[in-house]
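These notes are about the structure you will find just below.
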Amino acid sequence: MSSPNGPMVKVPRINVVEHIVLPAEESAVVIVDMQNDFVNPKGKLFVPSAVKTIKPIRGLLERARKHQVMTIFTQDTHYPNDPEFSIWGEHVVKGSWGWQIIDELAPLPGEIVVEKTRYDGFYGTPLDDLLRSNNIRHVVVVGTVANICVLHTIASAALRWYKVYTAMDSISALNDFDYYLALRQIDFLYKGTIVKKAENIVFEGLGIWRRQTR
Ligand code: ZN
């Protein structure tokens, strides 16, 4: 079958679980690029489906904080003349309103924010060192965009042999193809665990991560 835009494809079976329990002290939550330019309708690269992920991500974040699970925010960060602007146009310029993480998911003082210049949250950042030096083995990755920065960050984590997880209601893409492509790769290629709803990611015990409040 084909459509005017190319072949029609069928999404292969993707394994989804209802519920997972993770040990708080060996787990981290990575919230990818939930910044005004991507998540706010006034943003420069607005992803409409990202809006409905705010609530489940916020719930996950609150439970992670309660269980002292290491929480890391990535912040896509570009400086003037970034070569990526030839693909996407100007976005998340450091210091701009669009660059800021949305208010609903704002990091607390002392929480880790990793500024990244590329799709992959590990590329040129201290992310691997932060996870490794805290003995993290399980990495939950949520945020946007599913097939871009979320997928590249999950891929990069999996290639370093972290166990990776995501939730279907907590990632977003510009269209269904991109969304299911990301899930397919996370499941099939990176052996990640996909949970239907973020609220069913449960942390057991207390993590080692203590937030500094001043
Ligand atoms: Zn970018």
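These numbers were taken from a predicted model, which means no experiment stands behind them. As the structure lists them, so they are numbered: ligands from 1, and atoms in each ligand from 1.
To the nearest 0.5 Å, atoms CZ (R118) and OG (S156) are separated by 14.0 Å. Here the CD1 atom belonging to I201 is positioned 7.0 Å from the OG1 atom belonging to T166, to the nearest 0.5 angstrom.
Aromatic rings from F85 and H78 are positioned such that their centres are separated by under 6.0 Å. Annotation: H152 is not in aromatic contact with F122 [ring centroid separation under 6.0 Å not met].
Every residue meeting the side-chain hydrogen bond (donor to acceptor under 3.5 Å, both in side chains) condition with D187, not counting sequence neighbours, appears here in chain and number order: N15.
Listing protein N, O or S atoms at distances below 2.8 Å from the Zn ion (ligand 1), with waters left out, gives D76 OD2, H78 NE2, E84 OE2, H91 NE2.
Counting only heavy atoms from C-beta outward, the side chains of L130 and V114 approach each other to under 4.5 Å.
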